[in-house]
Number of protein chains: 2
Amino acid sequence: MREKTERIVREWSDSCDAEVSIAVLGGAWKPSILTLLGEHEVLRFGELGRLLQDPTSRVLTRQLRELEEDGLITRTVYRQVPPKVEYRLSELGVSATPLLGELTRWGTQYAEQQRSSLNRVPSPSE
Amino acid sequence: MREKTERIVREWSDSCDAEVSIAVLGGAWKPSILTLLGEHEVLRFGELGRLLQDPTSRVLTRQLRELEEDGLITRTVYRQVPPKVEYRLSELGVSATPLLGELTRWGTQYAEQQRSSLNRVPSPSE
DNA sequence: CCGGATCCGCTGAGATACTG
DNA sequence: CAGTATCTCAGCGGATCCGG
């Protein structure tokens, strides 16, 4: 578990475990990574990079390491030349897929509603 | 809508609306604020501060303003001395409560699992 | 191919002090 | 009571370059 995650897990023993979820799932590319791994079962580092439209490898590596530390994904290294590394969801990662679905659903609905209200004439009071 | 939220809503038109949800719900105290407002219907600034165990008023104000800008809560000001300001969930805020419930549920489960695995003897490989 | 090392700007959270 | 005004400080995301 990452130090950041651990800190949050310890401090918020009650009352706001939602912050735990956000600490683990929040972060650049993380929801996308988990969603893609849920769809493809297994992906290599380069495949993930392409599917995500090329984050810098530095950043992608960090996110993958954090997800691994937090126990959501597994990393399999094949010691060969050229190297080959596979990522897939762990059991814990699989357990998060329904939640990711809910996050996506609500986010989509929110975005649509906000977009449509942008097109309406602002009320006189604002 | 906050500029940050708007940026995310525009950029991720497809494929990762989960980031939208996290952008809106993530942030210090926000899940707690929304949960409390869901339970109490209406709360004043000071009441919120006490229930949250005293974040600095600077921080609490910022979070409330952001939630308001993103359309999740409403702010009612009574022009009187001493001042009185009430916060409650908007319709959009109410629509997020099931999601918050899911976040809390998964977070709780995750925290418990991680805590119990901390107590187990680490495997020889680590 | 899959990274590690280094540097860097920005935002978010908090401490502290003050106010209509 | 319900904030605002300043300041600080850490950490994240990203760019760039290097390496087994």
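First the proteins, then the strands, lettered A, B, ... as listed; each starts at 1. In what follows, every heavy atom counts, from backbone to side chain, and hydrogens, waters and symmetry copies are set aside.
Between the CG atom of B/L60 and the P atom of D/dA5 there is a distance of 17 Å, given to the nearest Å. When rounded to the nearest whole Å, the span between CG of A/L67 and P of D/dG13 equals 11 Å. Taking atom OH of residue B/Y78 and atom P of nucleotide D/dG3, one finds them 13 Å apart after rounding to whole Å. Nucleotide D/dA2 holds its P atom 8 Å from the CZ atom of B/R50, rounded to whole Å. At whole-Å resolution of the value, OH in B/Y87 and P in D/dC1 are 14 Å apart. When rounded to the nearest whole Å, the span between CG of A/L52 and P of D/dG14 equals 11 Å.
With contacts defined as side-chain heavy-atom distances shorter than 4.5 Å, the pair B/L64/B/W29 does not qualify. Between A/S21 and A/L99 the shortest side-chain heavy-atom distance falls below 4.5 Å. No side-chain heavy atom of B/Q63 sits less than 4.5 Å from a side-chain heavy atom of B/P55. Contact check for B/T104 versus A/C16: no side-chain heavy atoms found under the 4.5 Å cut-off. The side-chain heavy atoms of A/L60 and A/R58, taken from C-beta on, include no pair separated by under 4.5 Å.
With sequence neighbours left out, the salt bridge (charged side-chain N to carboxylate O under 4.0 Å, His left out) criterion links B/R105 to B/E102. Take B/R88 and apply the salt bridge (charged side-chain N to carboxylate O under 4.0 Å, His left out) test, not counting sequence neighbours, and it matches B/E86.
Nucleic acid contact for B/R79: none, since no nucleic acid atom lies under 4.0 Å from a heavy atom of the residue. Among the protein residues, A/R65 comes within range of the sugar-phosphate backbone only, with heavy atoms under 4.0 Å from sugar or phosphate atoms but none that close to a base. When heavy atoms are screened at a 4.0 angstrom cut-off, A/V85 is found touching the sugar-phosphate backbone but no base atom.
In the displayed structure, A/E39 atom CD is contacted under 6.0 Å by more than 12 heavy atoms of other residues, nucleotides or ligands. The neighbour count for B/E3 CD, taken as heavy atoms of other residues, nucleotides or ligands under 6.0 Å away, does not exceed 12. Counting non-hydrogen atoms of neighbouring residues, nucleotides and ligands closer than 6.0 angstrom, the CD atom of B/Q80 exceeds 12 such neighbours.
Residue whose closest nucleotide on DNA chain D sits further toward the 5' end, between A/R2 and A/S57: A/R2.
Side chain of A/S90 to main chain of A/T74: no donor-acceptor pair is present (N/O by atom type, distance under 3.5 Å, no hydrogens or angles).
Along DNA chain C, read 5' to 3', the first and last nucleotides having any atom under 4.0 Å from a heavy atom of chain A are C/dC1 to C/dC7.
Considering only side-chain N and O atoms, A/W29 lies under 4.0 angstrom from the phosphate OP1 or OP2 of D/dG14. In this model, the phosphate group of D/dC12 is not approached by any side-chain N or O of A/Q63 to a distance below 4.0 Å at OP1 or OP2.
Judged as a ring pair (Phe, Tyr, Trp, His ring centres under 6.0 Å), the pairs with a partner in residues 88-109 of chain B (not counting sequence neighbours) are, in order, B/W106-B/Y110.
Interface residues of residues 41-49 of chain A facing DNA chain C, ordered by number: A/R44, A/F45, A/G46; criterion, heavy-atom separation under 4.0 Å.
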Could you list the protein-to-nucleotides 6-11 of chain D atom pairs, N/O on both sides, closer than 3.5 Å?
from  : atom 1 : to    : atom 2 : distance (Å)
D/dT6 : O4     : B/R58 : NE     : 3.1

